[in-house]
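One structure is given here, and the rest of the page talks about it.
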There are 2 protein chains.
Amino acid sequence: MALEHAILVSLLEKPGSGYELARRFERSIGYFWTATHQQIYRVLKRMTSDGWVDVRDVQQYGRPDKKEYSVAGPGRDALGAWLQEATEPESVRHDLAVKVRGAAFGDPAALITEVERHRQAHTDRLAHYLTGEARDFGEPTAGGPLDAERELQHVVLRGGMAYERMMIAWLDDVLATLAGLDAGR
Amino acid sequence: MALEHAILVSLLEKPGSGYELARRFERSIGYFWTATHQQIYRVLKRMTSDGWVDVRDVQQYGRPDKKEYSVAGPGRDALGAWLQEATEPESVRHDLAVKVRGAAFGDPAALITEVERHRQAHTDRLAHYLTGEARDFGEPTAGGPLDAERELQHVVLRGGMAYERMMIAWLDDVLATLAGLDAGR
DNA sequence: TCTTCCTATGCACCTCGTTGCATAGCAACG
DNA sequence: CGTTGCTATGCAACGAGGTGCATAGGAAGA
């Protein structure tokens, strides 16, 4: 289970509440690891009782109070150990690939709309990444030594962009194939 | 849940037993949808009672008898309906991306071995795909009209190859970034 | 005042997925 | 004859993940 570790990384980058974590999992972190607020609250509870994180009640004005979590020593140790642990390459789940192979037994042309919908979603996400890259990494490192955190966030973002570009190109390939089947019958 | 649909597609391509399906999920299908034999047997049971598939006892000699499953009318209908249904783009789970961002808070150099291990796995898988492509799609369609099933299987395979190539290139990017951090401190 | 919306946390329930184990037929080998 | 290994099916239990719902404070606007 890597959700715990994803939370540790996010809290090391910046301490925050369960609610704030949930929103981070809708943006930056969520592009390579998804989680609902339910999962996050549940795991934070376990991590607290395991001593991986510390909690601090924070009073707020104009909005409900919150609990701010930050990484404790044992949590940092656990993350360090996990980093060197061998993890199996993630199991893939591409329902669109299932649909494409399934189209052979239905109407291939009927799948086109769905493929175009996915292509649009990937195009949007790529545009979002590019905006974020220009905002966060547009200028060279602002003096000082290499900032490891910044460099590593950037290389992960480049991975996300490479994935979206690959998907868009593949979906174009799929659309061309579907169109070819439609024309050829 | 798309496991049912993945099984339907696999059974339409070729009827078979739960055991045979489990082995297919370790190869071709398994590259974009994973499942253990437990899941498969459980889902086949439900699909049978829902009338999506038919069962046939097959006596075998030199090995235990088996149950051969094939797709029934309602199963084919369910697949057709699902193909046109809007499916959300699959939720991604890239533990390696979590590790890369986490490396900022540990020793970036310690991650290199793990990244190289993943790179090797993707290289191996790409080589496996290329072998399969040469074997199954090396020669142009053997006469007759365009074979939809074959074309669609090929485009899915091309997607798998594009994914592996993208991952290898990204992992090289990650390795260069990690090496740069190591040299620059 | 009433409704709507956002922040913030959490419970209950259900499904999906994984692990471990059990059973059984048959083949091959020492 | 016993062990090992492959084919073939399945149960039991657990943990992960997701959906729906509940609660509660406060802001903003009709």
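Convention: sequence-line order gives letters A, B, ...; per-chain numbering from 1.
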- Query: So, A:Y31 versus A:H128, ring centres under 6.0 angstrom or not?
  - Reply: yes

- Rounded to the nearest angstrom, tell me the gap between atom OH in B:Y61 and atom P in D:dA8. 14 Å

- Can you check whether A:R63 has a side-chain N or O nearer than 4.0 Å to OP1 or OP2 of D:dA24? no

- Task: Please list, by residue number, the residues of residues 15-34 of chain A whose heavy atoms come closer than 4.0 Å to an atom of DNA chain C; answer none if no residue qualifies.
- Result: A:S17, A:G18, A:Y19, A:R23

- Task: Answer yes or no: is there an ion pair linking B:E20 with B:K66, defined by an N-O contact shorter than 4.0 Å?
- Result: yes

- Is there a donor-acceptor contact under 3.5 Å from the side chain of B:R117 to the main chain of A:T87? yes

- A:H5 and A:W52 aromatic ring geometry - parallel, tilted or perpendicular at 30°/60° bounds: tilted

- Residue whose closest nucleotide on DNA chain D lies nearer the 5' end, A:H37 versus B:K67: B:K67

- Item | chain A footprint on DNA chain C, 5' to 3' - any atom under 4.0 Å from a heavy atom | C:dT7 to C:dG17

- Query: Which heavy-atom pair separates B:Q59 from B:D65 by the least distance, and what is that distance?
  - Reply: CA-OD1, 3.5 Å

- Query: Separation of A:Q59 atom CD from D:dG25 atom C1', in whole Å?
  - Reply: 13 Å

- Message: Counting distance alone, no hydrogens or angles: does the base of D:dG15 have a donor or acceptor under 3.5 Å from a partner atom on the side chain of A:R42?
- Response: no

- Between A:R46 and A:T36, the residue closer to the 5' end of DNA chain D by nearest nucleotide is A:R46

- Message: With a 3.5 Å distance limit and no angle check, can you tell me whether B:Q39 reaches the backbone of B:T36 through a side-chain donor-acceptor pair?
- Response: yes

- What's the CD-C1' distance between B:E68 and D:dA8, to the nearest Å? 14 Å

- Can you find a donor-acceptor pair, distance only, under 3.5 Å between A:Q38 side chain and D:dG20 base? yes

- Item | Test: B:D172 and B:R119 ion pair at under 4.0 Å | yes

- Quickly work out the A:R93 CZ to D:dA16 C1' distance and round it to whole Å. 12 Å

- Item | For atom CD1 of B:I40 and atom P of D:dG10, their distance in whole Å | 13 Å

- Message: What is the separation between atom OH on A:Y41 and atom C1' on D:dG20, rounded to the nearest whole Å?
- Response: 16 Å

- Is any side-chain N of the basic residue among A:E13 and A:R24 closer than 4.0 Å to the acidic one's carboxylate O? no

- Message: What I want to check is whether the side chains of A:T34 and B:R93 have a donor and an acceptor closer together than 3.5 Å.
- Response: yes

- Rounded to whole angstroms, how far apart are NZ on A:K66 and C1' on D:dG26? 16 Å

